[in-house]
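To start, the structure itself, in structure tokens.
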Amino acid sequence: MEIDLGFAEKQDDVAWLSNRYFPSKLGGQPAWLELESLPATTVLQCSKCKAPKSFLAQLYSPFEDEFNFHRSIYVFLCRNPDCQQPQDASNFTVLRSQLPLKNKFFSEEDPDDEGDPLPAIPCWKKLCAACGCLAPHACSKCKAIHYCSSEHQRAHWPQHKPSCGSSSSARHEPLGNVEFPEFEIVMDSNPTNSAENEKDDETRLAEFEELEASGKTGELSNVSEAELDKYFGQTAAADDKTFRQFKKKTAAEPEQIIRYQRGGSPLWITDTTKTVQDRLESLPNCSACGGARQFEFQIMPQALTLLEDENLDWGVLAVYTCARSCPIEGYVEEVLVKQDIVAEEQS
């Protein structure tokens with residue numbers, strides 16, 4: 001089964017990453033697809049600390065049927081370090097949205113990518129000035145700027161204060177503690193897959209170690225020596241076949257941040273039986289139709305180097321969605337399984 005790889009590219013004009021152009025992207029603010037029934041603030045509120053979650057990424061992933069002509073998957077997470085636990089994805093939220101070709105928000109014609117980018121298609125609801133999510137609260141002074149929460153109002157106040165109460169409006173500047181740096185995710189079929197399959201394990205491993213020595217393996221080159229020793233050092237636990245396979249499979253394209261294989265299997269970073277097996281065996285069915293879910297894509301640890309947040313850490317983020325991608329209105333929650341590299345306790 002073919003695997004598509006996603007790579008982060010800096011876009012000179014982020015207006016090309018608005019909902020009008022159905023983007024896949026990392027960071028910034030969400031480019032909403034369904035523009036009326038946006039997810040409630042409670043959906044994007046951390047169940048542990050109650051803070052609003054940050055938008056991490058979205059993938060535009062339509063396929064051919066009547067109700068999936070447009071389709072996007074959104075991933076959010078709480079950035080509070082206290083809410084991040086190994087093998088625990090409770091601080092993440094995944095949402096699916098889709099539209100038929102004929103809908104009340106977007107033209108049936110393909111968007112024109114010539115010339116300057118056009119403005120985003122406005123949402124039918126007010127959006128938070130800080131994060132771009134549904135905003136039920138307004139600035140008590142000017143009533144013109146809206147927020148999803150008091151936390152984001154406080155974060156945005158230094159930017160909003162100079163124009164509050166005046167007819168002018170402040171230009172939006174990304175808030176580093178709310179938004180991640182914004183990149184386009186460019187998808188491509190794995191160009192080295194067939195060639196890699198012809199190589200023996202020793203050759204692929206040697207190539208990886210050469211890339212690792214030159215610092216070209218993304219976040220994996222920053223994993224602590226203690227953690228790497230667990231898998232590749234001279235210890236009894238060094239021969240973790242899953243980790244070796246992960247390194248070999250990613251060596252040829254070390255900058256990949258997405259692996260997309262709807263209906264396939266994740267490329268795990270370590271043994272699932274010691275980490276996420278119980279989660280995989282109890283995947284809930286789709287909350288909309290009751291049908292089974294299947295793997296769709298994973299976010300790689302290489303993405304961590306782009307997010308500029310040292311509090312974040314993961315090995316693999318595997319997203320599972322409704323196998324039918326059943327008809328819905330608005331947004332429906334899907335499932336994420338988070339696998340981490342955790343050194344075994346020394347006895």
Side-chain angles (χ1 to χ4, degrees), residues 1 3-8 26 56-57 59 75 77 84-92 94 185 190 192-193 196 201 204-209 211-213 215-233 235-261 264-281 283 294-307 309-320 335-345:
M1 184 178 294
I3 299 173
D4 291 337
L5 301 182
F7 303 88
L26 180 77
L56 175 61
L59 283 190
V75 182
L77 82 160
Q84 301 176 54
Q85 300 297 326
Q87 328 306 339
D88 181 1
S90 59
N91 63 319
F92 286 82
V94 177
I185 298 175
N190 189 346
T192 59
N193 190 49
E196 283 294 293
D201 289 353
R204 283 181 283 182
L205 182 55
E207 290 178 353
F208 175 84
E209 291 175 337
L211 289 167
E212 187 175 48
K216 296 180 180 179
T217 57
E219 179 62 14
L220 287 178
S221 64
N222 297 325
V223 176
S224 72
E225 290 185 9
E227 288 176 329
L228 282 178
D229 281 345
K230 176 182 182 296
Y231 301 101
F232 255 61
T235 67
D239 190 23
D240 186 308
K241 295 180 179 179
T242 307
F243 189 66
R244 293 175 67 91
Q245 185 75 357
F246 183 93
K247 296 178 81 171
K248 287 183 289 186
K249 289 287 188 180
T250 59
E253 300 288 354
E255 296 182 354
Q256 60 185 274
I257 65 167
I258 299 289
R259 292 177 70 89
Y260 186 96
Q261 190 183 33
S265 300
L267 178 62
W268 297 113
I269 199 166
T270 189
D271 188 354
T272 58
T273 60
K274 300 177 181 179
T275 53
V276 296
Q277 190 62 40
D278 57 341
R279 188 77 174 100
L280 297 175
E281 291 175 351
L283 282 176
Q294 64 182 7
F295 172 72
E296 183 158 353
F297 69 91
Q298 69 189 82
I299 301 176
M300 305 290 281
Q302 286 88 331
L304 289 164
T305 58
L306 306 172
L307 300 178
D309 188 336
E310 62 183 12
N311 294 319
L312 297 180
D313 190 26
W314 62 71
V316 167
L317 302 179
V319 174
Y320 291 79
V335 172
L336 183 145
V337 175
K338 174 174 175 275
Q339 187 190 51
D340 295 284
I341 300 177
V342 178
E344 294 179 342
E345 295 183 0

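Every value quoted in this text rests on a predicted model; they were computed, and no experiment measured them. Along the sequence shown, residues carry numbers from 1.
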By side chain to side chain donor-acceptor pair (under 3.5 Å) - contacts of Gln277 (at least two apart): Thr272, Glu281
Rounded to the nearest 0.5 Å, what separation is found between the OH atom of Tyr320 and the CD atom of Glu296? 12.0 Å
Please find the pair of heavy atoms, one from Pro301 and one from Gly315, that lie closest to each other, and give the distance. CD-O, 2.9 Å
Using the side-chain contact (heavy atoms from CB on, under 4.5 Å) rule, take Thr275 and Ile269 through it: C-alpha gap first, then chi angles, then the decisive distance, then the call. CA-CA 10 Å; Thr275 53; Ile269 199 166; over 6 Å; no
A side-chain contact here means heavy atoms from C-beta on lying under 4.5 Å apart; do Val316 and Val276 qualify? no
Step by step, would you call Leu312 with Leu77 a side-chain contact (heavy atoms from CB on, under 4.5 Å)? CA-CA 10 Å; Leu312 297 180; Leu77 82 160; 3.6 Å; yes
Closest heavy-atom contact between Leu26 and Ala57? CD1-CB, 4.0 Å
Side-chain contact, heavy-atom cut-off 4.5 Å: Val319 with Val335? no
At what distance, to the nearest 0.5 angstrom, does NZ of Lys338 lie from CD of Gln84? 6.5 Å
Sequence neighbours left out, what passes side chain to side chain donor-acceptor pair (under 3.5 Å) with Ser90? Give chain and number order. Lys48, Asp88
Full working for side-chain contact (heavy atoms from CB on, under 4.5 Å) between Leu59 and Val75: CA-CA 9 Å; Leu59 283 190; Val75 182; over 6 Å; no
Contacts of type ring pair (Phe, Tyr, Trp, His ring centres under 6.0 Å), residue Tyr260, not counting sequence neighbours: none
Can you tell me how far CD1 of Ile257 sits from CG of Leu317, rounded to the nearest 0.5 angstrom? 11.0 Å
Any donor-acceptor pair under 3.5 Å linking the side chain of Trp314 with the backbone of Met300? yes
Nearest non-hydrogen partners of Leu267 and Gln298, listed with the distance: N-OE1, 2.7 Å
Applying side chain to side chain contact (heavy atoms under 4.5 Å, CB included) to Gln261 and not counting sequence neighbours gives Met1, Ile3, Phe295
Using atom types as modelled and distance alone, determine if a side-chain donor or acceptor of Gln339 lies under 3.5 Å from a backbone N or O of Thr270. yes
Partners meeting side chain to side chain donor-acceptor pair (under 3.5 Å) with Gln256 (sequence neighbours left out): Arg259
Might you point out which heavy atoms bring Thr250 and Phe246 nearest each other, and give the distance in Å? OG1-O, 2.9 Å
Is there side-chain contact between Phe7 and Glu253, with at least one heavy-atom pair below 4.5 Å? yes
Looking at Ala303 and Ile299, what are the two nearest heavy atoms and their distance? CB-CG2, 4.1 Å
Could you check if a side-chain atom of Ile258 sits within less than 4.5 angstrom of a side-chain atom of Asp4, using non-hydrogen atoms only? no
Only counting residues at least two apart or in another chain, list the ones meeting side chain to side chain donor-acceptor pair (under 3.5 Å) with Asn311. none
At their closest point, which heavy atom of Val337 faces which heavy atom of Trp268, and how far apart are they? CG1-CH2, 4.1 Å
